[in-house]
Amino acid sequence: MSTHLQTLLILCWTFTQGAYAFTSPHWGDWNDSQLLPTIQKLMKGYNRYLRPNFNEGPVEIGMSLDIASIDAISEINMDYTATIFLRQRWRDSRLVFPGNESVSVDGRLVSLLWIPDTFIPDSKRSFLHDVTVENRLIRIFSNGTVLYALRITATIACNMDLTKYPMDRQVCTLQLESWGYNLQDVVFYWTRGNDSVKGLDTLRLAQYSVETYYTTVSEAVYETGQYPKLVLHFALRRNVLFFILETYVPSILLVVLSWVSFWISQSSVPARTCIGVTTVLTMTTLMMGARTSLPNANCFIKAIDVYLGICFTFIFGALLEYACAHFYTMQNHTIEDLYRELLKELNESNGNGSIPVVTSTQPNQSVEIASTAEEPAVQSANTDTKSNEALKEKAPGRGCTLSSVKSASRRAASIFTVENPHNIDRHARTVFPTAFLFVNILYWLYYLFL
């Protein structure tokens with residue numbers, strides 16, 4: 001009997017405690033004694049799991065942003081990291097209280113209220129600052145308007161077009177959407193239009209400057225329905241002065257340095273070869289260094305790649321110019337040496353050390369030779385020439401094809417023959433700078449104004 005009585009007493013005590021917990025307005029870690037009298041009255045009968053205007057229409061939520069900083073813009077990952085102050089306003093008729101004042105409550109009381117499920121769809125990583133406490137603000141106005149502000153740092157994706165890098169202009173976005181409430185439940189709007197965004201005008205970035213920004217209101221369409229979306233568009237213009245000093249000016253100086261070899265004698269083979277090879281290797285190192293801060297696995301042909309390729313082509317062309325000039329110089333020397341050897345052999349075969357001297361100035365006048373011993377040879381040569389001409393006149397068809405082939409081959413060879421190889425350097429001093437200047441004008445006009 002005593003055992004049954006003890007069990008009955010335990011059940012009665014448990015029921016009493018449960019009834020007290022059910023009737024007592026206790027929310028999470030907060031109870032009546034810890035809440036202000038006004039909040040205590042407002043929280044009675046409040047259900048934070050139901051949105052305002054339930055079954056009466058969508059809740060209108062106004063948004064505003066303060067851009068505190070844009071810490072990093074990465075072309076490799078195609079994203080940017082920003083710290084923002086996000087403020088949301090909506091009206092909850094269940095929180096109306098008399099008077100004209102507002103009540104600011106502890107941010108930890110956010111668990112007691114209904115709040116929008118706003119999120120950033122393009123965010124890769126984000127967190128809410130919590131030093132020294134979670135950076136939240138809740139302010140309730142007498143007409144039931146709730147102001148909810150928080151400080152967020154997020155890494156957000158930004159699709160970039162790097163074809164004009166470093167003269168590029170990137171347009172990035174910051175999107176705000178509702179996660180679970182569709183357009184029948186909530187409606188987003190900017191509280192003051194473009195003036196809802198602050199901080200971009202005074203923002204200072206390392207490589208960029210903010211050109212323009214504007215806000216839009218749109219809808220996000222998914223398989224589960226249509227959801228409200230707010231978008232902030234802002235255009236970033238890259239500061240090209242840094243790249244001009246770091247990449248463009250050294251490239252131009254290397255091209256000019258390669259032209260120094262045009263004024264060096266062609267006989268100075270080590271000097272001209274050293275200048276050509278050094279400038280080529282230095283340009284290659286500069287091209288590799290310019291690509292270290294850019295994404296490798298992409299299909300972009302960037303403007304800086306085009307310019308470095310142009311400079312490399314001119315530097316390599318200067319090296320090839322000396323190779324051609326040196327080749328024709330050696331060829332010319334070989335022909336002169338061969339001509340001297342033929343004259344020497346001719347003089348030795350005549351048995352006389354005298355050199356034939358041409359005394360006639362007219363084409364039809366005969367040639368007088370200083371040595372009388374050469375007259376029989378000249379007469380015999382004239383006789384052979386006349387006999388050959390007579391044979392050609394008798395059989396013109398047989399030698400026509402052979403002579404035409406020989407003349408064509410001589411004309412083709414004359415094209416690749418340079419009488420004075422020093423003219424190559426002389427022309428290169430004008431052609432290379434003029435061509436480089438013309439290409440630069442086209443390059444800067446295209447990438448800066450088109």
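Just so it is clear, the values below take in all heavy atoms, side chains as well, and ignore hydrogens, waters and symmetry mates.
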Using a 3.5 Å distance criterion without hydrogens, assess whether the side chain of Ser268 forms a donor-acceptor pair with backbone atoms of Ile264. no

Pairs involving residues 266-284, ordered by first then second residue, that meet salt bridge (charged side-chain N to carboxylate O under 4.0 Å, His left out) (sequence neighbours left out): Arg272-Glu321, Arg272-Asp425

For Val231, check side chain to side chain contact (heavy atoms under 4.5 Å, CB included) against everything at least two apart and list the hits. Thr173, Gln175, Thr216, Ser218, Lys229, His233

Residues that Asp195 engages under side chain to side chain contact (heavy atoms under 4.5 Å, CB included), provided they are two or more places apart: Arg192, Lys198

Please identify each residue that fulfils side chain to side chain contact (heavy atoms under 4.5 Å, CB included) with Phe119, with sequence neighbours left out. Pro121, Glu177, Trp179

Ring centroids only, cut at 6.0 angstrom: are Phe54 and Trp114 within range, meaning strictly under it? no

Would you please name every residue forming a salt bridge (Lys or Arg N to Asp or Glu O under 4.0 Å) with Arg87, sequence neighbours left out? Asp66

Applying side chain to side chain contact (heavy atoms under 4.5 Å, CB included) to Asn77 and not counting sequence neighbours gives Ser74, Asp79, Lys124

ring-ring contact (aromatic ring centres under 6.0 Å, His included) partner of Phe432, the single match among Phe438, Phe316, Phe262: Phe262

Contacts of Ser69 meeting side chain to side chain donor-acceptor pair (under 3.5 Å) (sequence neighbours excluded), chain-then-number -> Asp71

Taking the ring of Trp90 and the ring of Tyr181, is the distance between their centroids below 6.0 Å? no

Taking side chain to side chain donor-acceptor pair (under 3.5 Å) as the definition, give me every residue that meets it alongside Arg91, ordered by chain and number, with sequence neighbours left out. none

Judged by modelled atom types alone, do Tyr148 and Arg136 share a side-chain donor-acceptor pair under 3.5 Å? yes

Residues at least two apart in sequence or cross-chain that pass side chain to side chain donor-acceptor pair (under 3.5 Å) with Tyr447, listed by chain then number, are none

Of all residues at least two apart in sequence or in a different chain, which pass the side chain to side chain donor-acceptor pair (under 3.5 Å) check with Ser196? Thr191

Which pairs of donor and acceptor atoms, one on a side chain in residues 93-100, lie under 3.5 Å apart (sequence neighbours left out)?
residue, atom, partner, partner atom, Å
Arg94, NE, Asp92, OD1, 3.1
Arg94, NH1, Asn47, O, 3.0
Arg94, NH1, Leu50, O, 3.4
Arg94, NH2, Tyr46, OH, 3.4
Arg94, NH2, Leu50, O, 2.9
Arg94, NH2, Asp92, OD2, 3.2

Listed by chain and number, what are the salt bridge (Lys or Arg N to Asp or Glu O under 4.0 Å) partners of Arg237, not counting sequence neighbours? Glu211

